Number of protein chains: 2
Amino acid sequence: MMEGEPAASYHNITMGFVRLHKSLPDGREQVTGFARPGDFLGLASEDNYGVTATAIGPVTLCRFPRDRFRKLMHALPTLEDRLLGVASHELVIAQERMLLLGRKTARERVASFLLDLAPPCGETGLIQLPMTRTDIADYLGLTIETVSRTLSTFRREKRIEMKVPNQLLLLDRNGLTRIAQASAL
Amino acid sequence: MMEGEPAASYHNITMGFVRLHKSLPDGREQVTGFARPGDFLGLASEDNYGVTATAIGPVTLCRFPRDRFRKLMHALPTLEDRLLGVASHELVIAQERMLLLGRKTARERVASFLLDLAPPCGETGLIQLPMTRTDIADYLGLTIETVSRTLSTFRREKRIEMKVPNQLLLLDRNGLTRIAQASAL
DNA sequence: CGCCCGATTGACTTAGATCAACGTCGGTGG
DNA sequence: CCACCGACGTTGATCTAAGTCAATCGGGCG
């Protein structure tokens with residue numbers, strides 16, 4: 001699924017991770033979101049896709065041809081209802097990201113990012129990062145260097161632990177929450 | 001309608017302009033969008049509103065209590081269909097804004113903003129700005145000074161004309177389009 | 001073993017923010 | 001009627017957060 005291409009299908013991820021992104025002619029990239037198993041792709045499309053989807057590692061997904069899916073949707077009002085709910089939720093998330101991209105500092109962005117990843121990890125605070133530093137940077141509107149430096153700072157401050165680059169442990173969730181919300185120092 | 005408040009109603013603007021925004025505890029603001037007559041408010045809500053709506057000047061709107069509206073929606077599948085379409089469109093716009101906020105320069109942002117305002121003005125290119133420089137800055141993730149300076153630059157470059165601060169004329173739509181898309185200088 | 005790719009760290013640069021002064025206009029009251 | 005005031009906008013000087021450029025590290029793979 002590629003930005004600008006006719007939106008022929010909806011998809012549902014069954015395994016793996018997908019990066020959704022848009023780009024500028026000169027190569028600058030903005031990751032608009034990451035999709036995890038269970039996520040539904042294609043809602044943010046009109047006649048053409050608005051973003052490009054790229055697999056991060058191996059992915060399996062379930063494809064629904066657009067016309068057939070729309071018929072199904074009309075036959076099952078509950079489904080359409082559900083989709084409207086999903087779309088509303090995505091809009092709320094999108095607005096939160098505008099606040100992050102438009103007004104937060106690098107430190108606040110990275111803290112917000114870590115906390116967004118936290119829920120699925122429950123109490124343990126152990127986070128697997130399926131994406132590279134480049135993906136994170138393009139997601140947060142920063143450079144890989146700034147992401148790396150900020151993570152190092154959090155490590156020095158004992159807010160996170162990171163033995164390997166793509167697996168980390170939240171040590172100070174409260175502190176990170178304060179930083180993410182920009183509540184006074 | 002205020003960020004975090006229970007989402008009690010949907011609204012349809014019949015007159016005037018509304019600013020939708022989120023803010024950080026220390027006062028930093030991000031305008032997530034402006035709404036014009038005909039626009040529908042409340043789609044981007046779950047149980048609570050995700051943004052605050054503030055009137056820019058006098059506004060009249062049509063209020064739909066949430067429960068009643070949802071009943072109506074279930075009775076009229078065409079309406080729900082329409083709303084899903086609106087939500088998809090909003091998502092596409094939101095993604096475009098993430099690209100702008102995350103990756104575009106000040107110059108590119110202001111050019112994009114001007115072009116977004118252009119359509120309703122047709123060929124003439126005469127744009128009425130209902131919002132202040134502060135609103136524009138908070139919309140584009142910039143400061144008022146940068147917005148003002150960039151507009152002055154465009155004026156010096158004969159791309160726009162601006163006799164009074166809130167009314168301007170597009171002189172070089174092609175040039176602005178090139179700038180907005182970041183297509184080589 | 002050596003290569004390559006991703007991540008980290010350091011030195012330096014810069015776009016845009018901040019701080020500050022000034023201009024302009026519309027409203028208010030003397 | 002016009003002098004004052006406050007809000008909004010513009011412009012200039014300076015500062016800084018984050019970007020760029022560059023060197024180094026480290027782990028997986030052929």
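As the structure is a prediction and not an experimental result, all values here were calculated from the model. In what follows, chains carry the letters A, B, and so on, assigned in the order in which the sequence lines appear, proteins first and then strands, with residues in each chain numbered from 1.
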Mind checking the OG1-CG spacing from B/Thr146 to B/Leu140? Nearest 0.5 Å is all I need.
->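 Reported value, rounded in 0.5 Å steps: 10.5 Å.
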
Rest of the hydrophobic cluster containing [X] (Ile/Leu/Val/Met/Phe/Trp/Tyr, side-chain heavy atoms under 4.5 Å)?
{"X": "A/Val51", "result": "A/Met1, A/Ile13, A/Val18, A/Leu20, A/Leu41, A/Tyr49, A/Val59, A/Leu61"}
{"X": "A/Leu24", "result": "B/Leu99"}
{"X": "A/Leu126", "result": "A/Leu169, A/Leu171"}

For [range], which residue pairs pass the salt bridge (charged side-chain N to carboxylate O under 4.0 Å, His left out) check, not counting sequence neighbours?
{"range": "residues 46-61 of chain B", "value": "B/Asp47-B/Arg66"}
{"range": "residues 147-161 of chain A", "value": "A/Arg107-A/Glu157, A/Glu157-A/Arg159, A/Arg159-A/Asp172, A/Glu161-A/Lys163"}
{"range": "residues 3-18 of chain B", "value": "B/Glu3-B/Lys22"}

Identify each atom pair where a protein N or O and an N or O of nucleotides 27-30 of chain D are less than 3.5 Å apart, giving names and distance.
none

Within this structure, what is the [atom1]-to-[atom2] distance between [X] and [N], rounded to whole angstrom?
{"X": "B/Lys163", "N": "D/dT10", "atom1": "NZ", "atom2": "P", "result": "15 Å"}
{"X": "A/Leu140", "N": "D/dG19", "atom1": "CG", "atom2": "P", "result": "10 Å"}
{"X": "B/Arg133", "N": "D/dC8", "atom1": "CZ", "atom2": "P", "result": "12 Å"}
{"X": "A/Arg156", "N": "C/dG10", "atom1": "CZ", "atom2": "C1'", "result": "12 Å"}
{"X": "A/Ile179", "N": "D/dA17", "atom1": "CD1", "atom2": "P", "result": "15 Å"}
{"X": "B/Asn166", "N": "D/dA7", "atom1": "CG", "atom2": "C1'", "result": "13 Å"}
{"X": "A/Ile144", "N": "D/dA22", "atom1": "CD1", "atom2": "P", "result": "15 Å"}
{"X": "A/Asp135", "N": "C/dC5", "atom1": "CG", "atom2": "P", "result": "16 Å"}

So, does [X] get its side chain near the phosphate of [N], meaning an N or O under 4.0 Å from OP1 or OP2?
{"X": "A/Ser152", "N": "C/dT9", "result": "yes"}
{"X": "A/Thr143", "N": "D/dG19", "result": "yes"}
{"X": "B/Thr146", "N": "C/dA17", "result": "yes"}

Below 3.5 Å, can you tabulate the donor-acceptor pairs from side chains in residues 72-79 of chain B to any protein atom, sequence neighbours excluded?
unit_1	atom_1	unit_2	atom_2	d
B/His74	ND1	B/Arg70	O	3.1
B/His74	NE2	A/Asp81	OD1	2.9
B/His74	NE2	A/Asp81	OD2	2.9

Please list, for nucleotides 19-23 of chain C, all pairs of protein and nucleotide N/O atoms separated by less than 3.5 Å.
unit_1	atom_1	unit_2	atom_2	d
C/dC19	N4	B/Glu145	OE2	3.1

Sugar-phosphate, base or nothing in reach of B/Leu142, heavy atoms under 4.0 Å |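 Sugar-phosphate: the residue B/Leu142, judged by heavy atoms under 4.0 Å, touches backbone atoms but no base.
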
With a 4.0 Å cut-off on heavy atoms, is B/Met162 in touch with a base, just the backbone sugar-phosphate, or nothing at all?
->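 Since only primed, P, OP1 and OP2 atoms lie under 4.0 Å of B/Met162, the category is sugar-phosphate.
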
May I have all residue pairs that pass side-chain hydrogen bond (donor to acceptor under 3.5 Å, both in side chains) and include part of residues 12-21 of chain A, sequence neighbours excluded?
->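 Those involving residues 12-21 of chain A are A/Thr14-A/Thr60, A/Arg19-A/Asp135, A/His21-A/Glu29, A/His21-A/Thr54.
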
Could you go over nucleotides 24-26 of chain D and give all protein N or O partners under 3.5 Å, atom names and distances?
none

Could you list all the ring pair (Phe, Tyr, Trp, His ring centres under 6.0 Å) pairs where at least one residue sits in residues 121-179 of chain A, not counting sequence neighbours?
->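 Qualifying pairs, neighbours excluded: A/Phe34-A/Tyr139, A/Phe113-A/Tyr139.
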
Please work out whether the ring planes of A/Tyr10 and A/Phe40 are parallel, tilted or perpendicular, with thresholds of 30° and 60°.
->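 Taking A/Phe40 first and then A/Tyr10, their aromatic rings lie parallel (interplane angle under 30°).
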
Side-chain (A/Arg103) to main-chain (B/Arg28) donor-acceptor, under 3.5 angstrom |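 Side chain of A/Arg103 to backbone of B/Arg28, a donor-acceptor pair under 3.5 Å: no, none is there.
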
